[in-house]
Amino acid sequence: MIGKIVKIGNSRGIIIPKPVLDFTKINDEVEIEVREGSIIIMPYSHRRQGWEESIISLGPDNLAAEKEIKQWHELDNKEDSEWTW
């Protein structure tokens with residue numbers, strides 16, 4: 001498949017066909033890597049995806065688990081807010 005890079009303000013963009021997005025399960029957020037001269041675009045997966053469910057499965061009496069979950073959410077919010085583009 002061949003695509004075309006288009007000007008978007010001071011940046012450039014590429015239109016990705018819907019079937020490609022559907023196949024890759026890419027929605028609104030992506031991770032972008034540059035590797036060996038190539039651009040890799042992947043669906044964004046949250047850093048701690050699934051951790052909360054794992055800790056909750058330890059049982060309702062685990063107060064330390066609840067504290068950990070709260071700290072992870074605070075850390076996620078802090079990390080995201082520090083990025084500026």
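Residues take their numbers from the sequence shown, with the count starting at 1.
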Tell me, do [X] and [Y] make a side-chain contact under 4.5 Å, heavy atoms counted?
X	Y	answer
Met42	Ile40	yes
Asp22	Lys18	yes
Ile39	Ile32	yes
Pro17	Met1	yes

*Quick check: are there more than 12 heavy atoms from other residues, nucleotides or ligands sitting under 6.0 Å from CD1 of Ile8?*
yes

As an exercise, state the distance from [atom1] of [X] to [atom2] of [Y], rounded to the nearest 0.5 Å.
X	Y	atom1	atom2	value
Leu21	Ile15	CG	CD1	11.0 Å
Ile26	Ile16	CD1	CD1	6.0 Å
Ile2	Lys4	CD1	NZ	11.5 Å

